[in-house]
Each structure stands twice: as structure tokens, then as C-alpha cells.
> 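My questions all concern the structure below.
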Amino acid sequence: MRRYLRMLAIFYKSALITELEYRLNFWSNIGVSLFWLFWAALGVRVFYFHTDQIAGWSYNQLLVVVGLFFAMNGYHQAVLQPNLGQLSDYVRLGSLDYVLTRPIDSQFLVSLRFIGVYNWGDPLLGLGLIAYACWQLNYTPSLGSLALFALLCLAAMVLMYSLYLILQTTAFWVVNIEEVDHVIWSLVEAARFPVSFYRGWVGFFLTAVVPVAFFTTFPAQALLGKLEDWIAVVAVVVAALSFVLARAFWRFALRHYTGASS
């Protein structure tokens with residue numbers, strides 16, 4: 001474990017040093033992120049001009065979901081897209097052969113080698129909006145709520161990673177699957193609002209079939225003390241099973257990979 005952490009530190013330090021060669025560009029991107037965060041918070045305010053609550057969510061409670069959406073989107077753009085988004089190119093160009101010959105777990109290297117430095121601050125900005133929303137609500141989460149919130153955020157990250165890896169791993173057979181990133185983005189975009197905003201079969205679909213509720217709604221409910229215990233258990237179990245499935249599918253795909261020379 002220590003070896004892998006040391007390698008991550010080397011990877012990310014190198015990426016940060018490279019990007020900081022153009023510091024104005026770096027800080028301008030942070031400014032753009034701040035603008036979009038402000039715009040997202042202002043945009044949902046329109047829905048509350050004539051009402052105090054929508055589907056049981058007040059404006060400040062909804063800001064918790066918006067903050068989580070911003071944080072999860074930052075995670076997607078800073079970690080998942082720069083790494084897993086290149087998997088189809090690895091297979092198509094044959095550069096995956098070089099990854100497989102290195103003395104380190106190939107899934108680790110394919111998943112975490114790069115980082116989108118311009119989006120590294122988005123999760124922090126999202127958490128900042130969540131803290132602001134709690135302050136506006138005059139609400140201080142208990143230690144139990146904070147722990148459950150952190151656990152469900154981790155489960156959401158694992159679930160999103162696993163889904164992305166499974167979809168990208170199909171590149172071993174399909175090769176050109178550039179549209180996969182748009183699929184993941186659509187899932188994140190749907191998590192901008194609580195699933196209770198979606199009526200009828202749509203809300204059920206975004207909870208039971210496509211796990212959008214696990215990304216933002218359930219962690220927000222946990223922080224606000226509105227989540228039932230059994231849902232938290234289900235979320236953790238689903239995330240764990242999805243990771244095991246993604247790992248198994250990755251190993252299955254490697255067994256059927258013949259290399260660029262074949």
C-alpha cells in the first residue's frame with residue numbers, strides 16, 4: 001500500500017508542477033470553476049421564487065445536493081476522465097502493452113496515472129457550498145451524520161468509478177467507444193437534483209436501475225439526517241459489489257487481450 005501511495009504522490013506532484021508552469025492559466029481555471037459554482041447555485045434559486053419547498057427540499061437543502069453534484073463532477077473530470085477515458089486509445093493504439101509490462105497492477109495504473117489539475121479544486125468548492133448551505137440552515141451535523149456522509153460519498157465515488165471502468169473495459173472488444181464519457185456525464189448531470197424531483201417511473205429508474213440517487217441524493221440526506229439506515233447499508237453494499245464486478249471484468253478482459261502484435 002505504501003508503495004502505491006508513494007507512486008501516486010510522484011504522479012500528481014509531476015502533474016501539478018507541469019501545470020504550474022502556466023500559473024495564470026491555472027488560476028483562471030479556478031476562477032471559471034468558482035463562476036460555474038455560483039451560477040449553479042443561482043440557477044436553482046429560480047425554482048423557489050414562488051415556493052419554499054419542492055418535493056420536501058428547501059432551497060438551502062438543495063444547495064447541499066448542488067454542492068455534491070459539483071464535487072462529483074470534479075471527481076469525474078479530475079480523475080476518471082483523464083485516466084479511464086484513454087483506455088480505448090490504449091487498446092486501439094497498442095500502448096496498453098507497455099502498461100501491462102510494468103511491475104505494478106495494471107488496473108491501478110490505468111485508473112490513477114493522471115490527474116486533471118484544472119479540476120482538482122472542484123470537489124473542495126463543492127464541499128464549501130455544502131458548508132455554506134448548512135450555515136444558512138443553522139444546522140450543525142452530528143458526528144454520526146458526518147461519518148455517514150463521508151462513507152456514502154466514498155461509496156458514490158467507488159460506484160461511479162466501477163461503472164466507468166466496466167463501460168470502458170468493453171473497449172477490448174468494441175475498441176472505439178468514445179461516447180462512454182457522455183454516458184457517465186449524463187448520469188452525473190441527472191444527479192444535479194434530488195431523485196424525488198423526478199416523478200413516477202423516472203424517479204424509480206434513477207434509483208433502482210441507473211444508480212443516480214447514490215451519487216448525490218443519498219449522501220445529502222445522510223448529512224441532513226434524513227436518510228433511513230437501510231438505504232445507507234444498501235448504498236455501501238452496491239458500491240462494494242460494483243467494484244468487485246468491475247475488477248473481475250477487468251481481469252476477464254485482460255485474459256482475452258492478445259496485444260498489439262497479434
Side-chain angles (χ1 to χ4, degrees), residues 1 4-5 55-57 61 64-76 78-81 83-84 87 105-108 110-112 123 126-127 130 141-170 180 183-198 200-254:
M1 176 63 71
Y4 284 90
L5 292 176
W57 292 80
Q61 289 174 337
V64 175
V65 178
V66 173
L68 278 166
F69 160 75
F70 206 80
M72 293 298 293
N73 183 51
Y75 164 65
H76 164 249
V79 179
L80 300 184
Q81 198 279 329
N83 291 287
L84 297 180
L87 185 55
D105 185 82
S106 59
Q107 182 182 337
F108 169 84
V110 166
S111 301
L112 298 172
L127 292 175
I130 292 171
S142 65
L143 290 178
S145 295
L146 287 172
L148 188 58
F149 169 73
L151 178 63
L152 291 186
C153 284
L154 178 61
M157 294 169 63
V158 170
L159 180 58
M160 185 181 293
Y161 163 78
S162 301
L163 292 175
Y164 206 160
L165 178 61
I166 290 171
L167 291 172
Q168 286 287 358
T169 301
T170 59
V180 165
V183 174
I184 297 298
W185 164 248
S186 298
L187 294 179
V188 178
E189 183 67 22
R192 182 189 294 266
F193 303 106
V195 290
S196 57
F197 277 34
Y198 303 97
W201 65 270
V202 177
F204 174 81
F205 181 80
L206 294 178
T207 302
V209 181
V210 181
V212 169
F214 293 78
F215 296 153
T216 57
T217 302
F218 292 162
Q221 289 178 328
L223 183 67
L224 296 171
K226 299 169 59 176
L227 186 70
E228 297 182 38
D229 292 340
W230 69 271
I231 296 180
V233 174
V234 169
V236 173
V237 171
V238 168
L241 290 177
S242 68
F243 182 82
V244 172
L245 178 61
R247 177 67 174 176
F249 189 48
W250 172 257
R251 295 175 69 87
F252 173 79
L254 289 183

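Worth saying up front: this structure is predicted, and the values here are computed from it rather than measured. All residue numbers in this chain count up from 1 along the given sequence.
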> Kindly indicate whether the side chain of His76, heavy atoms from C-beta on, has any atom under 4.5 Å from the side chain of Asn73.
yes
> Minimum heavy-atom separation for Asp105 and Arg247, please, with both atom names.
OD1-NH2, 3.0 Å
> For residues Ala213 and Pro219, report the shortest heavy-atom separation together with the two atoms involved.
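Taking every non-hydrogen atom into account, O-CD, 4.2 Å.
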> Would you say the side chain of Leu152 lies within less than 4.5 Å of the side chain of Gln221, judging by non-hydrogen atoms?
no
> Could you tell me if the side chain of Thr170 sits less than 4.5 Å from the side chain of Phe249, heavy atoms only?
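In contact.
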> Take Leu68 and Phe215, measure what side-chain contact (heavy atoms from CB on, under 4.5 Å) needs, and give me the verdict at the end.
CA-CA 8 Å; Leu68 278 166; Phe215 296 153; over 6 Å; no
> Within the 4.5 Å heavy-atom criterion, are Tyr161 and Leu84 side-chain neighbours or not?
yes
> Any side-chain to backbone donor/acceptor pair from Thr217 onto Val195? Under 3.5 Å, distance only.
yes
> Return the minimal non-hydrogen interatomic distance between Ala239 and Val158, and the atom names on each side.
O-CG1, 3.6 Å
> What pairs with Tyr75 under ring pair (Phe, Tyr, Trp, His ring centres under 6.0 Å), at least two apart in sequence or on another chain?
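Counting only residues at least two positions away or on another chain, Tyr75 forms no ring pair (Phe, Tyr, Trp, His ring centres under 6.0 Å).
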> Check whether any side-chain heavy atom of Val65 sits under 4.5 Å from a side-chain heavy atom of Phe197, and report yes or no.
no
> With side-chain contact (heavy atoms from CB on, under 4.5 Å) as the criterion, how do Tyr4 and Leu112 come out once you've worked through the C-alpha distance, each side chain's angles and the decisive distance to 0.1 Å?
CA-CA 10 Å; Tyr4 284 90; Leu112 298 172; over 6 Å; no
> Considering non-hydrogen atoms only, spot the tightest contact between Ser162 and Ala246 and give its length.
O-CB, 3.8 Å
> Below 4.5 Å, heavy atoms only, C-beta onward: do Trp57 and Lys226 meet side chain to side chain?
yes
> For a 4.5 angstrom cut-off between non-hydrogen side-chain atoms, does Val79 reach Met157?
no
> Where do Val64 and Ala220 come nearest, in terms of heavy atoms and distance?
CG1-CB, 3.8 Å
> Of Leu148, Ile231, Val234, which is the lone residue that meets side chain to side chain contact (heavy atoms under 4.5 Å, CB included) with Phe218?
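Between Phe218 and the candidates, side chain to side chain contact (heavy atoms under 4.5 Å, CB included) is satisfied uniquely by Ile231.
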> For Leu5, is the CG atom crowded, meaning more than 12 foreign heavy atoms sit under 6.0 Å from it?
yes
> How far apart are the closest heavy atoms of Leu254 and Ser106, and which atoms are they?
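Shortest heavy-atom separation between Leu254 and Ser106 comes out as CD1-OG, 3.4 Å.
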> Can you list everything that forms a ring pair (Phe, Tyr, Trp, His ring centres under 6.0 Å) with Phe252? Sequence neighbours excluded, please.
Trp173, His256
> Please examine the side chains of Tyr198 and Phe193, heavy atoms only from C-beta on, and report whether any two atoms are closer than 4.5 Å.
yes
> Go through the steps for Leu87 and Tyr164 under the test side-chain contact (heavy atoms from CB on, under 4.5 Å), then give the verdict.
CA-CA 11 Å; Leu87 185 55; Tyr164 206 160; over 6 Å; no
